[in-house]
Trainee: 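The structure under discussion is supplied below as structure tokens; questions concerning it will follow.
Note that ligands are numbered from 1 as they come in the structure, with each ligand's atoms numbered from 1 the same way.
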Amino acid sequence: MRTKIAGIGHYVPEKVVTNEDLTQYMDTSNEWIIERTGIEERRYAAKHKETTSTLGAKAARIAIKNAGIEPEDVDFIIFATLSPDYYFPGCGVLLQRELGITHREAAALDIRNQCSGFIYGLSIADQFIKSGMYKNILLVGAEMHSMGLDFSTEGRNVTVIFGDGAGAVILQPTEDDNQGILTTCLHSDGTHAEELAMINPGSHSGYHLGTEKYGYPDPSTPGGTFVTQKMIDDNLMAPNMSGQLVFKTAVVKFPAVIKEALENTGLETTDIDLLVPHQANLRISQFVQRALKLPDEKVVNNIQKYGNTTAASIPIALSEAWHDGRIQTGDLVCLAAFGSGFTWGSALVRW
Ligand code: COA
């Protein structure tokens, strides 16, 4: 028994935000952003009208239709995001409600593996399908970053990179030996957890990084440590990133985890028909392409249009490539991601 991708879809919000648009809020330039990241524009969701789960639902409807099933056929939902609608419950149940998947056997799982969320979700789905537990798994990666970014110059190194969007796949069992997920490789290392992170609000109350910076009260004070006034006053509730550390680590881990997947399956880099890397930064993807000696036509890059959409980036790029006719039956598609945690992973899929 193997797991196949039976349906695929993506959705990006209508609003286009160019690099030039960002110069209204922060000291940056189109040239700086393009040179360092390759990004030309990104999409932002419509506030009050769209949320992470509604973006996910739009992508999911396309994937469900593409698979030739109905929403009520979905028996398991996996939702990957770092920008959920609510702190809890997770987006999985909100998507379930949005799609009207109301039968009692359905279940929803939320995963928080940031840029690697889609690969982790794919691996989880693969195990559930192979064990025979579920027959139609809906895996969604969606992000609404625009709601949590710091638009001042202080936040520019992070803010210019990220965009909103969603992608989804339907996963089903297949007995065809020549099709489906061949392997998934997952890794993590929490040593640098805070180097690409949104630390507040949270339950840490200064445990990892000291109490003073965040203005935590005396520990005997009951409650009141989730959000402190100092966090708000000092603008400490936005994501932070050590760009150079992320870059240096990513360009090592990406090729290594792709090679691991190839070794697991006895395949070579020359067997890859299409590499769909997480769209972290065009420079990272170009580095990986060179390390694997892949020609341009074998690597998907759409970060120029959408920025880095974290858990949504692989399913958006995969869906776009499929809808553009870049993936044919029998092709070997390689997916790979690296991001916050650090977490990273890869998957090989025979289409
Ligand atoms: N516009 C203009 N200048 C900016 C800027 C922006 N958006 N962001 C940062 N800068 C400035 C910095 O303040 C710094 O100025 P200084 O020299 O006066 O102090 C200068 O540019 C260089 O900053 P640095 O952070 O060293 O730049 P960099 O060359 O490392 O590029 C990144 C920054 C973020 C583009 C780069 O590190 C990167 O792409 N890292 C990987 C990030 C990534 O992929 N994240 C997602 C992982 S999933």
Trainee: So, regarding R156 and ligand 1 (criterion: nitrogen or oxygen to nitrogen or oxygen, under 3.5 Å), is there a contact or not?
Mentor: yes

Trainee: How far is atom 40 (N) of ligand 1 from its nearest protein heavy atom, and which residue and atom is that?
Mentor: G243 O, 2.9 Å

Trainee: Could you check atom 46 (C) of ligand 1 against the protein and tell me its nearest heavy-atom contact, residue, atom and distance included?
Mentor: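 Result for atom 46 (C) of ligand 1: N308 ND2, 3.4 Å.
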
Trainee: Please list, in number order, the atoms of ligand 1 under 4.0 Å from a heavy atom of V160.
Mentor: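 Under 4.0 Å from V160, ligand 1 has these atoms: 7 (N).
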
Trainee: Return the option from Q279, K248, Q114, Q244 holding the heavy atom at the smallest distance from atom 26 (O) of ligand 1.
Mentor: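 The option holding the nearest heavy atom is Q244.
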
Trainee: So between W32, F247, F342, whose heavy atom ends up nearest atom 9 (C) of ligand 1?
Mentor: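 Among W32, F247, F342, the closest heavy atom to atom 9 (C) of ligand 1 comes from W32.
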
Trainee: What I want to know is whether R36 and ligand 1 share at least one N or O pair that is separated by under 3.5 angstrom.
Mentor: yes

Trainee: Step through the shown structure and confirm whether more than 12 heavy atoms of other residues, nucleotides or ligands are within 6.0 Å of CD on E14.
Mentor: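 Check fails, neighbour count at 12 or below.
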
Trainee: So, is S29 polar-close to ligand 1, with some N/O to N/O distance under 3.5 Å?
Mentor: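 N/O-N/O distance below 3.5 Å does not exist for this pair.
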
Trainee: Please indicate whether K213 has more than 12 foreign heavy atoms, meaning atoms of other residues, nucleotides or ligands, lying under 6.0 Å from its NZ.
Mentor: no

Trainee: Among protein heavy atoms, which sits nearest to atom 45 (N) of ligand 1, and what does the distance come to when rounded to 0.1 Å?
Mentor: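 Residue, atom and distance for the closest contact: M241 SD, 3.3 Å.
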
Trainee: For atom 47 (C) of ligand 1, what's the nearest protein heavy-atom neighbour? Residue, atom name and distance, please.
Mentor: V246 CG1, 3.6 Å

Trainee: How far is atom 7 (N) of ligand 1 from the closest protein heavy atom, and which atom is that?
Mentor: T28 OG1, 3.2 Å

Trainee: Give me the nearest non-hydrogen protein atom to atom 48 (S) of ligand 1 as residue plus atom name, then the distance to 0.1 Å.
Mentor: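 Minimum-distance protein heavy atom for atom 48 (S) of ligand 1 reads C115 SG, 3.1 Å.
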
Trainee: For atom 38 (C) of ligand 1, find the nearest protein heavy atom and state the residue, atom name and distance (0.1 Å precision).
Mentor: N281 ND2, 3.6 Å

Trainee: Is atom 19 (O) of ligand 1 touching the protein, meaning some protein heavy atom lies under 4.0 Å away?
Mentor: no

Trainee: Is atom 16 (P) of ligand 1 close to the protein, meaning a heavy atom under 4.0 Å from it?
Mentor: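 Under 4.0 Å from atom 16 (P) of ligand 1, zero protein heavy atoms found.
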
Trainee: Test side-chain contact (heavy atoms from CB on, under 4.5 Å) on T249 and H192; report intermediate values, then the result.
Mentor: CA-CA 10 Å; T249 317; H192 301 295; 5.6 Å; no

Trainee: Do you see a protein non-hydrogen atom under 4.0 Å from atom 1 (N) of ligand 1?
Mentor: yes

